[in-house]
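Worksheet for the structure shown next.
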Number of protein chains: 2
Amino acid sequence: MSEMSNSTMEARPGKRDRLIASARTLIHEQGVHRTTLADVAARADVPLGNVYYYFKTKDELVGAVLESYTREAAALLEKFEHHRSPKARLKALVGNWNSMRDAIAEHGCPMGTLCSELDKSDGEAADDAAAVLAIIIDWAEDQFRQLGRRDARDLALSLFAGVQGAALLANTFRDPTILARQGRQLERWIDSIGSPRREGR
Amino acid sequence: MSEMSNSTMEARPGKRDRLIASARTLIHEQGVHRTTLADVAARADVPLGNVYYYFKTKDELVGAVLESYTREAAALLEKFEHHRSPKARLKALVGNWNSMRDAIAEHGCPMGTLCSELDKSDGEAADDAAAVLAIIIDWAEDQFRQLGRRDARDLALSLFAGVQGAALLANTFRDPTILARQGRQLERWIDSIGSPRREGR
DNA sequence: GTCTATAAGATGATAGAC
DNA sequence: GTCTATCATCTTATAGAC
């Protein structure tokens, strides 16, 4: 690469980054399948044939998109550390999806729908998709553990399932308020979590 | 149609029904996109060209699959009416997904993944997909209302979001126990639901 | 009603000039 | 490094014999 991986001086981002950003948007809106490389190239203002200089295959481009989600998720979680209590951090996590509720109602959770679609593909991309969700769930588990819960893993999975399920329903019914109301429910649930308690029943 | 829509006497189901059943299975396993009409025809033991006698387009076949899910959901809910209490009925609903946990871990919830995929398509099939989920949510809302809850709609959406989210995670991580454990959590939650309570907080 | 052969269109990928 | 032109493949859908 003769070009830094990101913008220099005044210019817009390099072609590689433009392609990834373009693919991210289009894949969120249309899914992997309906998004053609011609679409991605046009939106990034890069000639079609040139895409293959940066990504050997379409799968590799999808992989780069997944990597960008992983990086973004990690950055987001780090940002949440600024909150003082584990409960506040968990509520910030829920609030993040709530703040995207309109986009989610239109096209679903970018990561959730991608995981769902890639699991039906044949490539090994599904593993990378799982890794994105795992980062978030592991982090949530850690927060619940800080609250003294032995069943932290289950609680983390429940919380994230609640978010992802609400995203699916909000998208299916094209109704962002589903996400907002579920967000309130989850926040109340987080608030209600008490001191250590035996798991199992 | 010179043939009844289903089996007569000894023979296996008619071609139309075989095509729908074949499409159902393949779409669950591979998604709509990867499932070609050639696949569907081969599995149903029907020549490719003949598919178009029964379904004018692929979309129409997908529509028939959606319709079969709608019918199945309605039959399932009716079966649940045999349980005496609303709580038992709701737990039966959760138990239904739990009983399919291995298949769900492999390929996701048949209806949930289909809704997700169709929402990224352009056709109007997405509306039919939403109708399938709506039947179940409306039913659950009714159960919560029978429990005297004013916020029955929110509770129904929360419950179903919990199920669908867990299905997504079970599929993404290929781990059926996620669904089993979330099922237990949801059952406990149902049990804990008390008498009427002001919604909102 | 049933089936074979094939048309028509879309898209991932490559060759090779610049 | 960049881009145009094009190939190769796959898949929906149709034409038309039986």
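Excluded from the calculations below are hydrogen atoms, water molecules and symmetry mates; all remaining heavy atoms, backbone and side chain alike, are included.
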> When you match B/Pro47 and A/His33 each to their closest nucleotide on DNA chain C, which lands nearer the 5' end?
Replying inline: B/Pro47

Using whole Å, report how far [atom1] of [X] lies from [atom2] of [N].
X: A/Arg34; N: C/dG12; atom1: CZ; atom2: C1'; result: 18 Å
X: A/Tyr53; N: D/dT2; atom1: OH; atom2: C1'; result: 9 Å
X: A/Glu60; N: C/dG12; atom1: CD; atom2: P; result: 15 Å
X: A/Phe55; N: C/dA13; atom1: CZ; atom2: P; result: 13 Å
X: A/Asp45; N: D/dT2; atom1: CG; atom2: P; result: 13 Å
X: B/Asn50; N: D/dC18; atom1: CG; atom2: C1'; result: 13 Å

> So, A/Arg181 and B/Asp151, do they make that salt bridge, N to O below 4.0 Å?
Replying inline: no

>> Enumerate the side-chain hydrogen bond (donor to acceptor under 3.5 Å, both in side chains) contacts for residues 102-111 of chain A, please, sequence neighbours excluded, ordered by first and then second residue.
In response: none

> Has B/Glu81 got more than 12 heavy atoms of other residues, nucleotides or ligands less than 6.0 Å from its CD?
Replying inline: yes

>> Within the 3.5 Å criterion, strictly below it, is a donor on A/Arg24 or A/Ser68 matched to an acceptor on the partner's side chain?
In response: yes

> Which heavy atom in B/Arg89 sits nearest to a heavy atom in B/Trp139, and how many Å separate them?
Replying inline: O-CH2, 3.5 Å

>> Starting the side chain at C-beta, find the nucleotide from C/dT2, D/dC3, C/dG12 nearest to A/Thr36.
In response: C/dG12

>> Test: salt bridge (Lys or Arg N to Asp or Glu O under 4.0 Å). Region: residues 55-68 of chain B. Which pairs qualify, not counting sequence neighbours?
In response: B/Glu67-B/Arg71

>> Can you see if the side chain of B/Tyr54 gets near the phosphate of C/dG1 - specifically, an N or O under 4.0 Å from OP1 or OP2?
In response: no

Report all interatomic pairs (protein N or O, nucleotide N or O of nucleotides 13-15 of chain D) with separations under 3.5 Å.
{"from": "D/dA13", "atom 1": "OP2", "to": "B/Lys58", "atom 2": "N", "distance (Å)": "2.8"}
{"from": "D/dA13", "atom 1": "N7", "to": "B/Tyr52", "atom 2": "OH", "distance (Å)": "3.2"}

